[in-house]
Amino acid sequence: MHYVISDLHGYHHERFLKLLDKAGFGPDDSLYILGDVIDRNGDGGVETLQWLMYQYNVDLIMGNHEAMLLANSFVFDEITESSLAALTAEQIDSLTRYQLDGGDVTLKAMHKLPKTTQQDILDYLRDCPLYHTLEVGGREMILVHAGLGNFSPDRKIEDYTVDDLLWSWPEITDRYYSKILTIFGHTPTLAYGNEYENKIIRTDTWIDIDMGAGFGREPVLLRLEDMAEFRHKPSDI
Ligand SMILES: [Mn+2]
């Protein structure tokens, strides 16, 4: 079976593992995380990243938050007085924006790790793809973090830019490829209206599965074969 989940944003790691158990996720299944494992809550998802690096059947697709961590990875270089003085205004600006966007907890948790582990995590993130395509039950699907910005039916998936795939904010009325189902996160479904609170949004061409775990809500694990949804109740331990 194939599963997707998105925007964990520092969701408690053990609770995430329990959610996989709840769905019966096993060694023959595949899980795709549609980006933004890190930032905002708890240890910023660093525990989940350390787990992810060693899972052969779990793939992380790049989110804008992973991209921001990578863009600020200069903070993990050896720091000397001269390297601090050599920081550019762009680097300082980028770091400030990342910290204001929830990166603070991730940077703090990363700094507690040995240098080699930090570099292993950064190397792992550099290898994460911008999207993944697959076929489930005869239906073609695109898994991507934020949607397909500047969509055109004539544009092939490989022709979208990093900004299109990581930073777009789809409108509820947007329609994507008619014969390919696009699944993404990034925009909490609640942002489309109160009627979507705690619900994934399914249109005929795309599905948004971001439940707003970055803001303390429970994420949904979606099984692609039958579109079954698994989630914890907030009261579940
Ligand atoms: Mn995002």
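Counting starts at 1 for both ligands and their atoms, following the listed order.
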(Q) Closer than 3.5 angstrom, by distance alone: can the side chain of Asn41 be matched with the main-chain N or O of Gly214 as a donor-acceptor pair? (A) yes
Review point. Would you say Asp210 reaches the Mn ion (ligand 1) with an N/O/S atom under 2.8 Å?
Key: no
Checking distances from the Mn ion (ligand 1), one finds that the N, O or S atom of Asp36 closest to it is OD2
*asked:* Just so I know, are the side chains of His12 and Glu47 near enough to count as touching, which here means a heavy-atom distance under 4.5 Å?
replied: no
Is the NZ or CZ atom of Arg223 both under 6.0 Å from the centre of the six-membered ring of Phe230 and within 45° of that ring's axis? no
Q.
Looking at Glu197 and Leu190, would you say the former's side chain and the latter's main chain have a donor-acceptor pair under 3.5 Å?
A. no
The Mn ion (ligand 1) -> His186, closest N, O or S atom is ND1
Taking 2.8 Å as the cut-off, does an N/O/S atom of His145 lie below it from the Mn ion (ligand 1)? yes
